[in-house]
A.B. asks: 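Pasting a structure below so you can have a look.
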Amino acid sequence: MASSRFYITTAIPYANGAPHIGHAYERIATDAIQRFMRLDGRDVLFVTGMDEHGQKMQQTAARDGITPRQLADRTAAQFERMGDVLNARADDIVRTTQERHYAASQEMWRRMAANGDIYLSKYPGWYSVRDEAFFDEAELTKGQDGKNYAPTGAPVEWVEEESYYFRLSAYQDKLLAYYRDHADFIVPDKYRNEIVAFVERGLTDLSISRSTFNWGVPVPGDDRHVMYVWVDALTNYITATGFPDADAPRAEYWPADVHVIGKDITRFHAIFWPAFLMSAGLPVPKQIVVHGFLFNRGEKMSKSVGNVIDPFTMAEHYGVDQMRYFFLREVPFGQDGNYSHEAIVMRINADLANDLGNLAQRSLSMIAKNCGGIVPTAGAFTDADKAMLAEADALAHKARAAMHDFALHTMLADIWRVVAEANRYFASEEPWRLTKTDPARRDTVLYVTAETLRNVAILAQPVVPTAAAKLLDLLGVSAEARAFAHVGAAGRLVAGAALPAPGPIFPRYVEAEEGGSAPAKP
RNA sequence: GGCGGAGUAGCUCAGCUGGCUAGAGCAGAGGAAUCAUAAUCCUUGUGUCGGGGGUUCGAGUCCCUCCUCCGCUACCA
């Protein structure tokens with residue numbers, strides 16, 4: 001089924017620095033979406049990458065006494081480990097220094113040039129040789145000698161660097177038409193509005209090459225220039241599909257369905273990227289999905305404030321599923337969010353350990369003790385049973401509706417509403433009292449509870465994959481019966497099936513004693 | 001300055017195209033139960049829905065205005 005393909009990417013982090021919590025958040029969110037789509041039967045390609053070129057890479061590498069290549073390798077390894085640790089591994093990682101990426105970038109360039117959109121001109125401005133950077137006139141200060149100085153204190157001179165330009169101005173109307181015809185191209189609307197307003201004010205042509213350094217993709221036909229880092233970086237998304245080989249195994253995945261990005265880079269993705277693609281005669285991605293930033297107790301993370309939290313430390317301290325659940329449940333997707341130790345512990349204990357973990361434990365251990373460790377046989381369903389099952393069965397539909405808007409937090413709220421209902425159901429049916437009076441009725445209650453847990457676990461897989469898998473194991477659900485298609489009547493537990501011995505799904509978070517050896521609490 | 005978001009119970013937030021006594025979760029208080037990870041269930045309070053004005057039979061929900069916070073953007077000098 002060709003139409004079932006789903007290609008999703010994260011932004012490609014810059015290899016200049018180690019992974020931080022924002023990278024972890026983006027990877028987790030994107031992974032949850034791609035797992036959702038996979039479980040819903042889509043043929044998914046999930047790609048991330050590493051942006052390894054540019055002047056900053058050269059500078060940082062020089063400072064550390066290594067080559068840019070070594071710096072890129074070091075950072076790429078850190079990000080790869082992050083993907084593993086967060087249980088959010090992509091199908092492919094495009095590094096912009098790879099040969100396949102040079103081929104893709106240079107072909108993009110050639111096509112844009114062939115379309116008449118690239119021309120050579122001068123890039124005028126105040127240039128600091130020491131900083132290897134241009135500065136805006138407003139940033140400069142006059143020295144006592146009457147000369148201009150950069151904010152860094154370095155002298156600047158007026159230069160006109162030769163640069164290739166992209167005719168971005170020619171795409172203003174086409175972009176606006178595209179935004180108009182594709183109302184969901186940029187979500188949430190807030191960012192769409194900003195982009196439309198920006199484009200309506202007018203676009204100027206874009207300098208897309210540099211000749212003051214050489215750590216980049218060479219411009220085809222002019223080795224004195226390397227491509228501007230964003231031209232090369234954005235192209236990674238199409239490199240992954242095998243471009244320019246039209247017969248590549250993944251060629252059909254283009255155009256991408258979703259680029260998940262942070263709000264600071266919307267302009268590059270919503271303006272430059274579609275313009276480049278239009279120029280090259282290639283289809284434009286279907287959606288740019290923008291997420292917000294995470295703040296530590298309302299403060300932006302910064303090294304000087306000392307509130308930077310390492311995602312590896314966090315995962316180790318709280319648990320990977322717990323961290324994934326917290327970020328996706330607590331932060332309305334698309335908005336900025338806050339995290340704090342207290343808030344994370346609250347979610348872990350209240351939602352995961354108490355509401356879901358404990359319900360699974362109490363019901364499954366009753367089955368183990370009273371029903372011989374097999375799925376009990378259900379008798380005739382009461383209205384309460386039917387209502388409980390109907391709520392659980394409705395989850396797939398609700399989750400899809402939420403996911404249509406990438407409202408992961410809403411999806412989780414819907415799932416946990418069913419968990420809360422299941423706790424109420426269990427408490428009011430009091431199966432533990434029925435053992436003496438009506439064991440058949442008890443078995444029915446336990447069956448309905450187990451069925452509810454099965455549906456909950458299936459839907460929770462995208463967010464808490466490990467714990468959900470464990471719960472499904474305990475319910476005796478085979479690996480082939482865990483897709484969303486098995487939610488509801490299509491996948492009911494079969495009475496008599498043997499179940500493994502129950503065990504905890506989500507442990508409670510217990511505050512470590514002062515001076516303990518646990519990882520530093522954020 | 002312009003555009004766009006946001007301002008709703010202690011905290012985090014829902015409240016679509018205006019309509020019953022404004023909701024949920026968490027936290028707090030009281031109670032029940034004891035199958036379970038001292039978990040669960042029940043009951044319970046509080047809100048000038050940022051301020052003010054207006055439209056309407058009726059407004060968090062529409063209009064005007066003001067205040068505060070945030071984002072994008074522009075500009076003066």
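Hydrogens, waters and symmetry mates play no part in the numbers below; they use all other heavy atoms, side chains included. Just so we're on the same page: letters track the sequence lines, and every chain starts at 1. Predicted, not measured: the structure shown is a model, and the values here were computed from it.
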A.B. asks: Taking the same atom, C1', in B/A29 and in B/U37, what whole-Å distance lies between them?
C.D. replies: 25 Å
A.B. asks: Report the residues that fulfil ring-ring contact (aromatic ring centres under 6.0 Å, His included) with A/Phe185, sequence neighbours left out, ordered by chain and then residue number.
C.D. replies: A/Tyr178
A.B. asks: Provide, to the nearest angstrom, the distance between the CD1 atom belonging to A/Ile271 and the C1' atom belonging to B/C72.
C.D. replies: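 After rounding, the gap between these two atoms is 11 Å.
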A.B. asks: Taking B/G19 as the reference, what is the distance to B/U61 when you measure between their C1' atoms (whole Å, please)?
C.D. replies: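 Looking at atom C1' only, B/U61 and B/G19 are 11 Å apart.
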A.B. asks: Rounded to whole angstroms, how far apart are CE on A/Met411 and C1' on B/A14?
C.D. replies: 18 Å
A.B. asks: Heavy atom of residues 197-207 of chain A under 4.0 Å from RNA chain B: which residues?
C.D. replies: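 Within this stretch, A/Phe198, A/Arg201 sit under 4.0 Å of the strand.
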A.B. asks: I need the minimum non-hydrogen distance between A/Gln361 and A/Ser365, along with the two atoms involved.
C.D. replies: O-OG, 2.6 Å
A.B. asks: Take the protein atom CZ of A/Phe326 and the nucleotide atom P of B/C13, then report the distance between them rounded to whole Å.
C.D. replies: 11 Å
A.B. asks: Between atom CD in A/Glu430 and atom P in B/A39, what is the gap in whole Å?
C.D. replies: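 Going from CD in A/Glu430 over to P in B/A39 covers 21 Å.
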A.B. asks: Does A/Gln335 reach a base, just sugar-phosphate, or nothing at all? Heavy atoms under 4.0 Å.
C.D. replies: sugar-phosphate
A.B. asks: Taking side-chain hydrogen bond (donor to acceptor under 3.5 Å, both in side chains) as the test, write out the residues that go with A/Lys286, two or more places apart.
C.D. replies: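 Checked A/Lys286 against side-chain hydrogen bond (donor to acceptor under 3.5 Å, both in side chains); matches are A/Asp257.
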A.B. asks: Pairs of donor and acceptor atoms involving the side chains of residues 166-175 of chain A, under 3.5 Å and at least two apart or interchain, shall be tabulated with distances.
C.D. replies:
from	atom 1	to	atom 2	distance (Å)
A/Arg167	NE	A/Gly116	O	3.0
A/Ser169	OG	A/Asp205	OD1	2.6
A/Tyr171	OH	A/Asn115	ND2	3.3
A/Tyr171	OH	A/Asp117	OD2	2.4
A/Gln172	OE1	A/Leu203	N	3.2
A/Gln172	NE2	A/Val199	O	3.3

A.B. asks: Could you tell me the Watson-Crick or G-U partner of B/G30, where both distances fall under 3.5 Å? Say none if there is no partner.
C.D. replies: B/C42
A.B. asks: Sticking with atom P, work out how far B/C16 lies from B/A77, rounded to a whole angstrom.
C.D. replies: 46 Å
A.B. asks: Classify the side-chain pair A/Thr10/A/Thr30 by whether it contains a donor and acceptor separated by less than 3.5 Å.
C.D. replies: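 Not at all, the side chains of A/Thr10 and A/Thr30 share no donor-acceptor pair under 3.5 Å.
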A.B. asks: Do A/Gln461 and A/Arg482 have side chains that get closer than 4.5 Å, going by heavy atoms?
C.D. replies: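 Yes, their side chains come closer than 4.5 Å.
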A.B. asks: Considering Watson-Crick and G-U wobble pairs with both distances under 3.5 Å, what does B/C69 pair with?
C.D. replies: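 Answer to the pairing question: B/G5, which forms a Watson-Crick or G-U pair with B/C69.
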A.B. asks: What does the list of N/O pairs under 3.5 Å between the protein and nucleotides 34-37 of chain B look like, with a distance for each?
C.D. replies:
from	atom 1	to	atom 2	distance (Å)
B/C35	O2	A/Arg362	NE	3.3
B/C35	N3	A/Arg362	NH2	2.6
B/C35	N4	A/Arg362	NH2	3.1
B/A36	OP1	A/Lys369	NZ	3.0
B/A36	O2'	A/Asn358	OD1	2.6
B/A36	N1	A/Arg362	NH2	3.4
B/A36	N3	A/Asn358	ND2	3.2
B/A36	N3	A/Arg362	NE	3.1
B/U37	N3	A/Phe506	O	2.6
B/U37	O4	A/Gly357	O	3.2
B/U37	O4	A/Ile505	N	3.3
B/U37	O4	A/Phe506	N	3.2
B/U37	O4	A/Phe506	O	3.2

A.B. asks: Hey, does A/Tyr318 have a side-chain heavy atom less than 4.5 Å from the side chain of A/Phe326?
C.D. replies: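 Counting from C-beta outward, A/Phe326 and A/Tyr318 never come under 4.5 Å.
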A.B. asks: Does any pair with a residue in residues 189-200 of chain A pass side-chain hydrogen bond (donor to acceptor under 3.5 Å, both in side chains), and if so which ones, sequence neighbours excluded?
C.D. replies: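 As it turns out, there is no side-chain hydrogen bond (donor to acceptor under 3.5 Å, both in side chains) pair with a partner in residues 189-200 of chain A once direct neighbours are skipped.
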A.B. asks: What interatomic distance, in whole Å, is found between P of B/C62 and the corresponding atom of B/A14?
C.D. replies: 16 Å
A.B. asks: When the P atoms of B/U17 and B/G53 are compared, how many Å lie between them, rounded to an integer?
C.D. replies: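 Rounded to whole Å, the distance is 25 Å.
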A.B. asks: With ring centroids as reference points, do A/Phe484 and A/Phe36 lie under 6.0 angstrom apart?
C.D. replies: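 Between A/Phe36 and A/Phe484, which both carry aromatic rings, the centre distance is below 6.0 Å.
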A.B. asks: Which base, if any, makes a Watson-Crick or G-U wobble pair with B/C35, both distances under 3.5 Å?
C.D. replies: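 Base-paired to nothing in any strand shown.
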A.B. asks: Roughly how many Å apart are B/C63 and B/G18, using the P atom of each and rounding to a whole number?
C.D. replies: 11 Å
A.B. asks: For A/Phe295 and B/U12, what is the distance between atoms CZ and P respectively, to the nearest whole Å?
C.D. replies: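 From A/Phe295 CZ to B/U12 P: 15 Å.
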A.B. asks: What distance, rounded to whole Å, do you find between the two C1' atoms, one in B/C67 and one in B/G50?
C.D. replies: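 Here B/C67 and B/G50 have their C1' atoms 8 Å from each other.
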A.B. asks: Would you mind reading off the distance between A/Trp416 atom CH2 and B/U40 atom P, rounded to a whole angstrom?
C.D. replies: 14 Å
A.B. asks: What's the gap between B/C41 and B/U48 when it is taken at their C1' atoms, as a whole Å value?
C.D. replies: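 35 Å, rounded to whole Å.
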A.B. asks: To check you understand the geometry: which heavy-atom pair defines the closest contact between A/Arg35 and A/Pro462, and what is its length?
C.D. replies: CD-O, 3.6 Å
A.B. asks: Going by the glycosidic torsion and a 90 degree boundary from 0, is the base of B/G60 oriented syn or anti?
C.D. replies: syn
A.B. asks: In whole angstrom, what separates A/Asn338's CG from B/C70's P?
C.D. replies: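 Checked: the CG to P distance equals 14 Å.
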A.B. asks: With both distances under 3.5 angstrom, what nucleotide forms a Watson-Crick or G-U wobble pair with B/G47?
C.D. replies: none
A.B. asks: Going by the rule ring-ring contact (aromatic ring centres under 6.0 Å, His included), which residues pair with A/Tyr447 if we only count those two or more places apart in sequence or in a different chain?
C.D. replies: none
A.B. asks: How many Å lie between CZ on A/Arg329 and P on B/A14, as a whole number?
C.D. replies: 11 Å
A.B. asks: Of all the nucleotides listed (B/G71, B/A14, B/U12), which has the minimum atom distance to the side chain of A/Glu194?
C.D. replies: B/G71
A.B. asks: Tell me the closest heavy-atom pair linking A/Ala450 and A/Ile367, and the distance in Å.
C.D. replies: CB-CD1, 4.4 Å
A.B. asks: For RNA chain B, which residues in residues 377-397 of chain A have a heavy atom at a distance below 4.0 Å?
C.D. replies: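 Per residue number, the list is empty: none.
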A.B. asks: Mind checking ring-ring contact (aromatic ring centres under 6.0 Å, His included) for A/Tyr14 and listing every partner two or more places apart, or none if nothing turns up?
C.D. replies: none
A.B. asks: For residues 344-357 of chain A, please give each side-chain donor-acceptor pair under 3.5 Å, one per line with the distance, not counting sequence neighbours.
C.D. replies:
from	atom 1	to	atom 2	distance (Å)
A/Arg347	NE	A/Glu330	OE1	2.7
A/Arg347	NH1	A/Asp351	OD2	2.9
A/Arg347	NH2	A/Glu330	OE1	3.2
A/Asn349	OD1	A/Tyr509	N	2.6
A/Asn349	ND2	A/Tyr509	O	3.1
A/Asp351	OD2	A/Tyr325	OH	2.7
A/Asn354	OD1	A/Arg508	NH1	2.8
A/Asn354	ND2	A/Asn349	O	3.2

A.B. asks: Can you tabulate the close N/O pairs, meaning under 3.5 Å, that link protein atoms to atoms of nucleotides 41-44 of chain B?
C.D. replies:
none

A.B. asks: Please list every donor-acceptor pair under 3.5 Å in which a side-chain atom of residues 401-409 of chain A meets a protein atom from a residue at least two apart or in another chain.
C.D. replies:
from	atom 1	to	atom 2	distance (Å)
A/His409	ND1	A/Phe333	N	3.2

A.B. asks: Between A/Glu451 and A/Leu493, which heavy-atom pair has the shortest distance, and what is it?
C.D. replies: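 For A/Glu451 versus A/Leu493, the nearest heavy atoms are OE2-N, 2.9 Å.
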A.B. asks: Could you check which nucleotide pairs with B/C11 in any of the strands shown, counting Watson-Crick or G-U wobble with both distances under 3.5 Å?
C.D. replies: B/G25
